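Here the structure is a predicted model, which means the values were calculated and not measured. Computed over heavy atoms, backbone and side chain alike; hydrogens, waters and symmetry mates excluded.
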Amino acid sequence: RWLCKKKDLYFVSRLYLTTETQHLLDSRNTLIPVNKMKKQQHENQVPEAPWQPLSSSLVFMLSHKRLIGWSLILFVITFSLTWVGYLFTLDFINDLTGNFFVNAPDTLTVWGWIKHKGWVVGSWIFIVVSRVAAFYLAFLLAYTISTPGYAFLSTAAEKLHAGDHFDPDASMSVPGFLRDIAEGIKIALFGILLTIAALFVNFIPGIGQVAVFLLYTYYSTLMFIDYPASRRRWSLGKKIRWLKTHSSPAFRIGIIPAVVSMIPIVNIFTMALFFPLLTIHATLNFSAIELAGKQKQDTHTPLRSVSTF
């Protein structure tokens, strides 16, 4: 009896395997296509989005004249606005601190000597952090004003790189345009709050400096992915969730601008020079991750029952 049951089961399996649709029976007597079953079994083996190195992004930009032209125009605009804003912001920060970091404590006593050493360390930390804060506040002004130009550059780069996989822009409308402006203001205000918080967090020895660096790194990524994400009409909350979901590539996107921003004086010219390239670099990796996510979602579409007994 056991052999007969085994042969019947084998016959039924062969019967369904030799049909055009190639179906198998699951434990619930539900027919499932074999090819989809294999995809379901190997869903963890779906390849991730290929990382686009900064060097490849540079080659991509230099190979398209339109991208080069827009990048040069945006460089001049960004540098000019950032430099003017940096000077005004630095004067404002210095006015807030007054003469605290100008007059050094006396070193006649042991306690005075300790206070002097703390004053020296604190003054150096203040110089670095205040310059970085002044740069970011000034850059937010340039970022807000030049957003339409960088949004156009990001869209052009994504369209050239994605080809047939390019997602069409969201329909242009007055509510959509106003929403983009509102999202840009949200990011700028978020950056101001982050800069103020960084001024205080930075005074925590050791941990504070690491926390500030991470804050600036992920905020830099947020600024860059804002262009392709806003084109998709994403909210600020969805952009932040994207950073959490893709924390590793987000860190790789933002680490270079975060490091550059911490170099006083040089950061203004360097960031303005590389901002168009970094915009293209972030856009290409963002679109690649989103495309891979869509392909993975299509691959893992839940299977439907074909027939039941």
A.B. asks: If you measure from OH on Y86 to CH2 on W83, what distance do you get to the nearest 0.5 Å?
C.D. replies: 7.5 Å

A.B. asks: With rounding to the nearest 0.5 angstrom, report the CZ to NE2 distance, R252 to H246.
C.D. replies: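 So the gap between those two atoms works out to 14.0 Å.
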
A.B. asks: Counting heavy atoms not belonging to F213, are there more than 12 under 6.0 Å from its CZ?
C.D. replies: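 Count over threshold, so yes.
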
A.B. asks: May I ask you to check whether W51 and H281 place their ring centers less than 6.0 Å from one another?
C.D. replies: yes

A.B. asks: Return the minimal non-hydrogen interatomic distance between A157 and L67, and the atom names on each side.
C.D. replies: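 Of all heavy-atom pairs spanning A157 and L67, the closest is N-CD2, 4.1 Å.
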
A.B. asks: Hydrophobic clustering (ILVMFWY, side-chain heavy atoms < 4.5 Å, transitive) - are F190 and V201 grouped together?
C.D. replies: yes

A.B. asks: Under a single-linkage definition using a 4.5 Å side-chain heavy-atom cutoff for Ile, Leu, Val, Met, Phe, Trp and Tyr, are L81 and L72 assigned to the same hydrophobic cluster?
C.D. replies: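 They do not share one cluster, since no chain of ILVMFWY contacts under 4.5 Å joins L81 to L72.
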
A.B. asks: Can a donor-acceptor pair be found, under 3.5 Å and without considering hydrogens, that links the side chain of S56 to the backbone of Q52?
C.D. replies: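 Such a contact is absent between S56 side chain and Q52 backbone.
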
A.B. asks: Please confirm whether W242 and F224 have ring centers closer than 6.0 angstrom.
C.D. replies: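 Ring centroids of W242 and F224 are no less than 6.0 Å from each other.
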
A.B. asks: Between K239 and S230, do the side chains contain a donor N or O and an acceptor N or O under 3.5 Å apart?
C.D. replies: yes

A.B. asks: To the nearest 0.5 Å, tell me how far I253 CD1 sits from F286 CZ.
C.D. replies: 9.0 Å

A.B. asks: Could you walk me through whether L236 and I240 pass side chain to side chain contact (heavy atoms under 4.5 Å, CB included), step by step?
C.D. replies: CA-CA 6 Å; L236 177 59; I240 294 176; 4.1 Å; yes

A.B. asks: To the nearest 0.5 Å, what is the distance between CE on M61 and OG1 on T279?
C.D. replies: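 Between M61 CE and T279 OG1, I get 10.5 Å after rounding to 0.5 Å.
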
A.B. asks: Any donor-acceptor pair under 3.5 Å linking the side chain of S154 with the backbone of Y150?
C.D. replies: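 Side chain of S154 to backbone of Y150, a donor-acceptor pair under 3.5 Å: no, none is there.
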
A.B. asks: At their closest point, which heavy atom of A134 faces which heavy atom of T89, and how far apart are they?
C.D. replies: CA-CG2, 3.6 Å

A.B. asks: For the backbone of L284 and the side chain of S287, can you confirm whether one donor and one acceptor N or O come within less than 3.5 Å of each other?
C.D. replies: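 It does hold such a pair.
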
A.B. asks: Among the clusters formed by ILVMFWY side chains lying less than 4.5 Å apart, do M271 and F274 turn up in the same one?
C.D. replies: yes

A.B. asks: Do I225 and L243 pass the side chain to side chain contact (heavy atoms under 4.5 Å, CB included) test, and can you show the C-alpha distance, the side-chain angles, and the key distance before you say yes or no?
C.D. replies: CA-CA 9 Å; I225 69 165; L243 296 180; 4.0 Å; yes

A.B. asks: If you look at every heavy atom in L215 and L194, which pair is closest and at what distance?
C.D. replies: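 Nearest pair, atom of L215 first, then L194: O-CD1, 3.9 Å.
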
A.B. asks: CD1 of I145 to OG of S80: how many Å apart, nearest 0.5 Å?
C.D. replies: 11.0 Å

A.B. asks: So do L54 and L278 actually touch side chain to side chain, heavy atoms under 4.5 Å?
C.D. replies: yes

A.B. asks: Measure from the side-chain N and O atoms of T221 to the backbone N and O of G254, and report whether any donor-acceptor pair falls under 3.5 Å.
C.D. replies: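 At least one qualifying donor-acceptor pair exists.
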
A.B. asks: Would you say L291 and F60 are hydrophobically clustered, going by side-chain heavy atoms of ILVMFWY under 4.5 Å?
C.D. replies: no

A.B. asks: Report the relative orientation of the aromatic rings in F251 and Y218; use parallel for angles under 30°, tilted for 30 to 60°, perpendicular for over 60°.
C.D. replies: tilted

A.B. asks: Side-chain contact test, heavy atoms from C-beta onward, threshold under 4.5 Å: evaluate it for P276 versus L153 and give yes or no.
C.D. replies: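 Of all side-chain heavy-atom pairs linking L153 with P276, at least one is under 4.5 Å.
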
A.B. asks: Between T82 (side chain) and F79 (backbone), is there a donor-acceptor pair under 3.5 Å?
C.D. replies: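 Here the side-chain-to-backbone pair does not exist.
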
A.B. asks: In sequence, state the C-alpha distance, the side-chain angles, and the governing distance for L277 and S57, and then conclude on side chain to side chain contact (heavy atoms under 4.5 Å, CB included).
C.D. replies: CA-CA 7 Å; L277 172 61; S57 301; 4.2 Å; yes

A.B. asks: May I ask you to say whether E158 pairs ionically with R232, meaning some side-chain N is under 4.0 Å from a carboxylate O?
C.D. replies: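 Yes, charged N to carboxylate O under 4.0 Å.
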
A.B. asks: What is the distance from atom CG of L160 to atom CZ of R66, rounded to the nearest 0.5 Å?
C.D. replies: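 The CZ atom of R66 is 5.5 Å from CG of L160, to the nearest 0.5 Å.
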
A.B. asks: Mind checking whether L141 and L189 sit in one hydrophobic cluster, side chains of I, L, V, M, F, W, Y counted as touching below 4.5 Å?
C.D. replies: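 No.
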
A.B. asks: CG of L193: more than 12 outside heavy atoms within 6.0 angstrom?
C.D. replies: yes

A.B. asks: Please check: side-chain N/O of Y227 versus main-chain N/O of F152, any donor-acceptor pairing under 3.5 Å?
C.D. replies: no

A.B. asks: Which heavy atom of V260 sits nearest to which heavy atom of T270, and what is that distance?
C.D. replies: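 In this case the closest contact between V260 and T270 is CG1-CG2, 3.6 Å.
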
